[in-house]
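Here the structure comes first, spelled out in structure tokens, and everything after it is commentary.
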Amino acid sequence: MKRYSRRTLLVASLLATLAAPPLFAANDLPNLGTVAESALSQAEENRIGRDILRSLRGDGDVIDDAEINAYLADLGGRLAAGAQLPGMRFAFFAVNDRSINAFALPGGVIGVHSGLLLATQSEGELASVLAHEIAHVSQRHLARMQEGEGSRHLLMLAAILAGVLASNASNGDVSAGMVNAGVGLAASRQLAYSRDFEREADRIGMQYLTAAGFDARSMAGFFDRLQQTHRHNDNNAFGFLRTHPLTGERISEAQDRAQAYPLRMRADSQDFLLMREKLRLATLGAAEAERHYRIALAAGRFLQPGATYYGLARALLQLGRYDEAQQALASAQRQLPPHPSLLLLGGDIQRAAANLDGALARYEQALQQFPSNDALWLARIDTLLQARRSAEARQQIELALKRAPDNAALWRLAARSYGEGDALRYHAALGHAFYIEQEFESARIQYQLASRAGGDDFYLRSTVEARLREIDTQHPAKPR
């Protein structure tokens, strides 16, 4: 009940923000050419998207995994490059939810339910959904929804966002009800615009999809399969069809449009295959995932056998059966070429079995092959801290930060390495982590604590003071 009430408060906040009278005076409606920026500024979109993402993280819905985050950021970044929006900072994240859905929040914040990845049968299908969501962002659809309709359309927008958030709660009917209630407030003209926006996102998203090297047919193929499956099994799992209504006409248009693009036979990346199984484990839990993998291997039903053994190994690791996990990993390695995720898992098994030296040896060996892999760096540093080798950990942190200065997880490890014994560096490092994640209120608090701490590092103090001035200027504290 507490979790659901937090979502209710967030929705109320969205309604208050989106329905603010100064933005939507009836005698001050913007022209078509300026509607998006006038109705909802880019700064407001950024703030709303950041607030929703912070709430989802606070509820524990966002999957915080370095490998999954890196994969979605890479895939999403390649697709977003086609949008040519240099000032837009996209953020892609995975939500632990079995339903098949994805959503674009204001400010380029794009969420993908783990159920969507499990439903896709190729990387192109996943890319097609991300490209569609990126197109919603690049065309400012959330802001343009308000054109000429004022607060009524804002109510629909807020209800749809409420449905997205509530879809992670236990009652799927509540989510559908919120979305349907919002749509029910809209006039037929607004519904027509909704269909137009979906078509526009299909058309432009297909351009992004092909520019990133994927086959245009992946989009129409996935949508058609979703619709066909939904007809025979409507069990509230198809959230995408509620927030992105599909019609036969729209699918036909996408199929016809795809014929103008050359056919591209593209093999699924190993990243996609392995991260798909990692998300399956996060979604199902270890015991259910093990049963799934045993049945899949016995029946020969899988996209790739090595990826299935990888998922089984991770499930067995979580169940504490380390010898069996090592055997399953060996089977995966026989089926797949060398990959950082396989080597990381080898170190993780050793670490879980309390063999910290063995884990460090595996991580270091893996980094010789894949020196720029963030997850391997983080695992090695975390293991050094677990082994109470803080000085070595700090050396590795300094090296890693030279390569990836905007990695919030690295800054959190840096804070751990200093501890409360070095309050200046401890709070400054936490401030940097929050700043990178655009959690500006939390960053402000940590920087203030750092500024009051002892220590004579002039450069670090100057950095902290500069960040405080920037936050106070660009993100002033909310009145209490």
Side-chain angles (χ1 to χ4, degrees), residues 13 17 41-58 62 64 66 69-70 73 77 85-91 93 105-109 372 374 377-378 381-382 384-385 389-480:
S13 173
T17 299
S41 72
Q42 187 65 64
E44 277 297 297
E45 284 198 48
N46 293 343
R47 184 180 66 79
I48 294 168
R50 191 169 62 243
D51 287 348
I52 297 173
L53 180 54
R54 180 169 57 248
S55 177
L56 290 172
R57 282 177 175 153
V62 175
D64 187 15
N69 292 342
L85 297 172
M88 174 66 69
R89 183 178 178 180
F90 282 89
F93 65 98
L105 299 175
V109 179
S372 62
D374 286 342
W377 276 94
L378 292 170
I381 293 167
D382 198 20
L384 285 171
L385 290 173
R389 293 159 61 176
S390 298
E392 293 177 66
R394 280 195 289 272
Q395 290 177 349
Q396 295 302 315
I397 290 169
E398 290 176 5
L399 290 172
L401 285 172
K402 289 179 180 177
R403 185 185 56 81
D406 292 332
N407 189 312
L410 273 175
W411 283 111
R412 285 197 166 83
L413 289 174
R416 273 181 58 196
S417 75
Y418 293 118
E420 296 288 354
D422 190 339
L424 170 60
R425 290 180 174 81
Y426 172 79
H427 291 296
L430 282 181
H432 293 337
F434 285 124
Y435 179 87
I436 290 166
E437 293 172 342
Q438 300 186 56
E439 303 272 0
F440 297 115
E441 279 303 311
S442 297
R444 187 199 318 276
I445 292 170
Q446 293 301 323
Y447 286 142
Q448 288 171 342
L449 290 170
S451 69
R452 294 195 291 265
D456 57 359
D457 190 326
F458 175 79
Y459 176 78
L460 180 55
R461 285 193 176 281
S462 299
T463 301
V464 167
E465 295 300 329
R467 281 279 171 83
L468 271 174
R469 287 193 298 272
E470 177 189 339
I471 291 174
D472 288 340
T473 301
Q474 299 184 13
H475 311 280
K478 298 177 183 177
R480 301 192 177 206

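Remember, it's a predicted structure, so these values are computed and weren't measured experimentally. Side chains included, hydrogens not; waters and symmetry mates left out as well; all remaining heavy atoms used.
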Notebook entry, point to check: Can you tell if the side chain of Glu441 reaches within under 4.5 Å of the side chain of Phe434, non-hydrogen atoms only?
Noted result: no
Next item on the list: Inspect the surroundings of CG in Asp64 and state if more than 12 heavy atoms from other residues, nucleotides or ligands are less than 6.0 Å away.
Entry: no
Notebook entry, point to check: Where do Arg425 and Asp457 come nearest, in terms of heavy atoms and distance?
Noted result: NH2-OD2, 3.1 Å
Check: What do the steps show when you test Arg403 against Asp374 for side chain to side chain contact (heavy atoms under 4.5 Å, CB included), and what is the final call?
Finding: CA-CA 10 Å; Arg403 185 185 56 81; Asp374 286 342; 2.7 Å; yes
Next item on the list: Using the side chain to side chain donor-acceptor pair (under 3.5 Å) rule, pick out the option among His427, Arg452, His432, Glu465 that qualifies with Tyr447.
Entry: His432
Note to self: For Ala415 versus Ala429, what's the shortest heavy-atom pair and its separation?
What the structure shows: N-CB, 3.8 Å
Next item on the list: List the atom of Ala450, the atom of Ala428, and the distance in Å for their closest heavy-atom pair.
Entry: CB-N, 3.8 Å
Notebook entry, point to check: Pick one: which of Asp422, Leu424, Leu430 meets side-chain contact (heavy atoms from CB on, under 4.5 Å) with Tyr426?
Noted result: Leu430
Item checked: Which atom of Ser417 lies closest to which atom of Ser390, heavy atoms considered -> O-CB, 4.2 Å
Item checked: Closest heavy-atom pair and its distance - Gln448, Leu468 -> CG-CD2, 3.9 Å
Next item on the list: State, to 0.1 Å, how close Ala393 and Leu385 come at their nearest heavy-atom pair, and which atoms those are.
Entry: CB-CD2, 3.6 Å
Note to self: Within the 4.5 Å heavy-atom criterion, are Ile381 and Leu410 side-chain neighbours or not?
What the structure shows: yes
Next item on the list: Measure the CZ-CG distance between Arg412 and Asn407 for me, rounded to the nearest 0.5 Å.
Entry: 10.0 Å
Check: With a 4.5 Å heavy-atom cut-off, do Val464 and Arg461 have their side chains touching?
Finding: no
Checklist line | Partner set under ring pair (Phe, Tyr, Trp, His ring centres under 6.0 Å) for Phe440, not counting sequence neighbours | finding: Tyr435, His475
Notebook entry, point to check: Atom CZ in Phe458, atom OG1 in Thr463: separation rounded to 0.5 Å?
Noted result: 9.5 Å
Margin query: Just verifying a value: how many Å separate Gln396 CD and Asp382 CG, rounded to the nearest 0.5 Å?
Written below: 13.0 Å
Checklist line | Worked check of side chain to side chain contact (heavy atoms under 4.5 Å, CB included) between Trp411 and Leu401 | finding: CA-CA 8 Å; Trp411 283 111; Leu401 285 172; 3.7 Å; yes
